[in-house]
Amino acid sequence: MLVYPSAIDLSSSRLRFLSRLLAEHRRQLGTRWRRLPAPRQALLVLAHLRCGDTYTRLAAAFDIGLATVYRYIREAVDLLATAAPTLQQAMERAEAKAYVILDGTLLPIDRIAADRPFYSGKHKKHGMNVQVLADPFGRLLWASAALPGAVHDLMAARTHGIIDALAEADLPCWADKGYQGAGGTVRVPFRGKHRNLSAGQQAVNVAHASIRAVGEQAMATLKTWRLLRKLRCSTTRITHLVQAVLTLHLDPA
């Protein structure tokens, strides 16, 4: 088998953070011996999440079995997901902001045409709907649990309680036309073609679009974790993966 050196475009702080988390978990379990020490397990998990490396490639790279790779990744992902901030915690963090940006994204999955609940008519593909909150600078604040791709953004926001949480915090929020009718503190652009709107409405929509465009940086932050670009796991695991990525993005320091 040919082997070559590789690299992961992450800071060492994320490796140290996950290593400490795994080491503490092992101490709690009373684990005496593992095929890989905590730092090596952390490196394996980061290679999977960031680079999308398959179990087979990781097993060969770290000289362990496929079953061990599966257990190591599942263990670490569950630990990270448990540490992810709740919506309420995100609201407390966002209260100091002038406003937040709400948007939804579709994480592609490998499903067939028969899987209608996962098919997004908007994106014309199968996937899982994830709602994202970003600050005025486009920095990721929070990501929701994953819902089937057929769920509309507004329905997803209501299901997760985002609209109510924003209203309770009295926090202004900018969102796109997919959130028409949300009410509360959610601000959306005027409906209709640009040329059919008044000059004032056109100006409002242009300003609104420029604000929301910054929120795309938060989406890009999620997609830099290559595993989320095309998910081939069970849909029941996708929420854990999203929450694990959120923890790795927010907490390491």
Side-chain angles (χ1 to χ4, degrees), residues 87 90-91 94-109 111 113 115-226 228-231 242 246 249:
L87 177 59
M91 287 295 102
E95 284 181 352
K97 313 294 182 181
Y99 59 86
V100 294
I101 303 168
L102 171 64
D103 204 354
T105 187
L106 188 81
L107 301 180
I109 60 175
R111 288 297 182 272
D115 295 312
R116 298 302 299 177
F118 301 101
Y119 184 78
S120 169
K122 175 182 177 182
H123 298 276
K124 308 300 181 186
K125 64 177 68 174
H126 293 81
M128 300 293 284
N129 181 302
V130 173
Q131 299 294 300
V132 172
L133 286 174
D135 71 8
F137 300 98
R139 293 176 298 210
L140 182 63
L141 291 174
W142 179 79
S144 74
L147 295 176
V151 178
H152 191 272
D153 280 340
L154 178 57
M155 178 60 70
R158 286 174 172 164
T159 299
H160 296 306
I162 300 172
I163 309 299
D164 291 339
L166 290 168
E168 184 177 346
D170 194 25
L171 184 63
C173 172
W174 266 254
D176 62 27
K177 294 179 181 179
Y179 298 88
Q180 289 280 354
T185 60
V186 179
R187 302 175 182 180
V188 296
F190 289 103
R191 298 184 65 178
K193 294 183 178 180
H194 186 74
R195 64 176 179 270
N196 295 332
L197 300 176
S198 68
Q201 290 174 331
Q202 290 178 7
V204 169
N205 279 8
V206 169
H208 193 282
S210 66
I211 292 173
R212 284 195 304 103
V214 181
E216 294 297 324
Q217 296 178 30
M219 297 299 185
T221 296
L222 284 180
K223 298 300 176 66
T224 56
W225 299 81
R226 295 174 183 83
L228 300 183
R229 296 179 186 176
K230 183 66 173 183
L231 290 155
V242 172
L246 178 64
H249 177 73

Derivation of the side chain to side chain contact (heavy atoms under 4.5 Å, CB included) call for T221 and H249: CA-CA 8 Å; T221 296; H249 177 73; 3.3 Å; yes
Step-by-step side chain to side chain contact (heavy atoms under 4.5 Å, CB included) determination, I162 to V186: CA-CA 10 Å; I162 300 172; V186 179; over 6 Å; no
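Going from atom CG of L246 over to atom CH2 of W225 covers 10.5 Å, rounded to the nearest 0.5 Å. Going from atom CG of L133 over to atom OG of S144 covers 8.5 Å, rounded to the nearest 0.5 Å. For the atom pair CZ of R229 and CG of L107, the computed distance is 12.0 Å after rounding to the nearest 0.5 Å. Taken to the nearest 0.5 Å, the CG atom of L106 stands 10.5 Å off from the OH atom of Y119. Taking CG of L222 as the reference point, atom CG of L228 lies at 6.5 Å (rounded to 0.5 Å). Rounded to the nearest 0.5 angstrom, F118 CZ and N129 CG are separated by 12.5 Å.
A donor-acceptor pair is defined here as one N or O able to donate and one able to accept, closer than 3.5 Å; no such pair exists between the side chain of H123 and the backbone of K125. Of the possible polar contacts, one joining the T185 side chain to the L171 backbone as a donor-acceptor pair under 3.5 Å is found.
The minimum heavy-atom distance between P148 and P117, with the atom names listed, is CB-O, 3.0 Å. The minimum heavy-atom distance linking A156 with V151 is given by the pair N-CG1, 3.8 Å. Here the shortest heavy-atom pairing between D153 and G104 reads OD1-CA, 3.8 Å. Of all non-hydrogen atoms in A143 and V130, the two that sit nearest each other are CB-CG1, 4.3 Å. Nearest heavy-atom pair, G161 versus L87, reported as atom, atom and distance to 0.1 Å: O-CD2, 3.7 Å. Between P189 and A175 the shortest heavy-atom distance is CD-O, 3.4 Å.
In terms of the side-chain hydrogen bond (donor to acceptor under 3.5 Å, both in side chains) criterion, K122 has no residue partners (sequence neighbours excluded). R212 meets the side-chain hydrogen bond (donor to acceptor under 3.5 Å, both in side chains) test with H208; sequence neighbours excluded. Scanning for side-chain hydrogen bond (donor to acceptor under 3.5 Å, both in side chains) contacts around R139 gives D135, with sequence neighbours left out. With sequence neighbours excluded, no residue forms a side-chain hydrogen bond (donor to acceptor under 3.5 Å, both in side chains) with T159.
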Under 3.5 Å, side-chain donor or acceptor atoms of residues 96-103 against the rest of the protein: list the pairs with distances, not counting sequence neighbours.
none

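Heavy-atom contacts from other residues, nucleotides or ligands closer than 6.0 Å to CZ of R226 number more than 12. Under a cut-off of 6.0 angstrom, the local environment of NZ in K223 is crowded, with over 12 non-hydrogen atoms contributed by other residues, nucleotides or ligands.
Proximity of R191 to L197: side-chain heavy atoms (C-beta onward) are nowhere separated by under 4.5 Å.
The stretch residues 164-181 participates, sequence neighbours left out, in these side chain to side chain donor-acceptor pair (under 3.5 Å) pairs: Q131-Y179.
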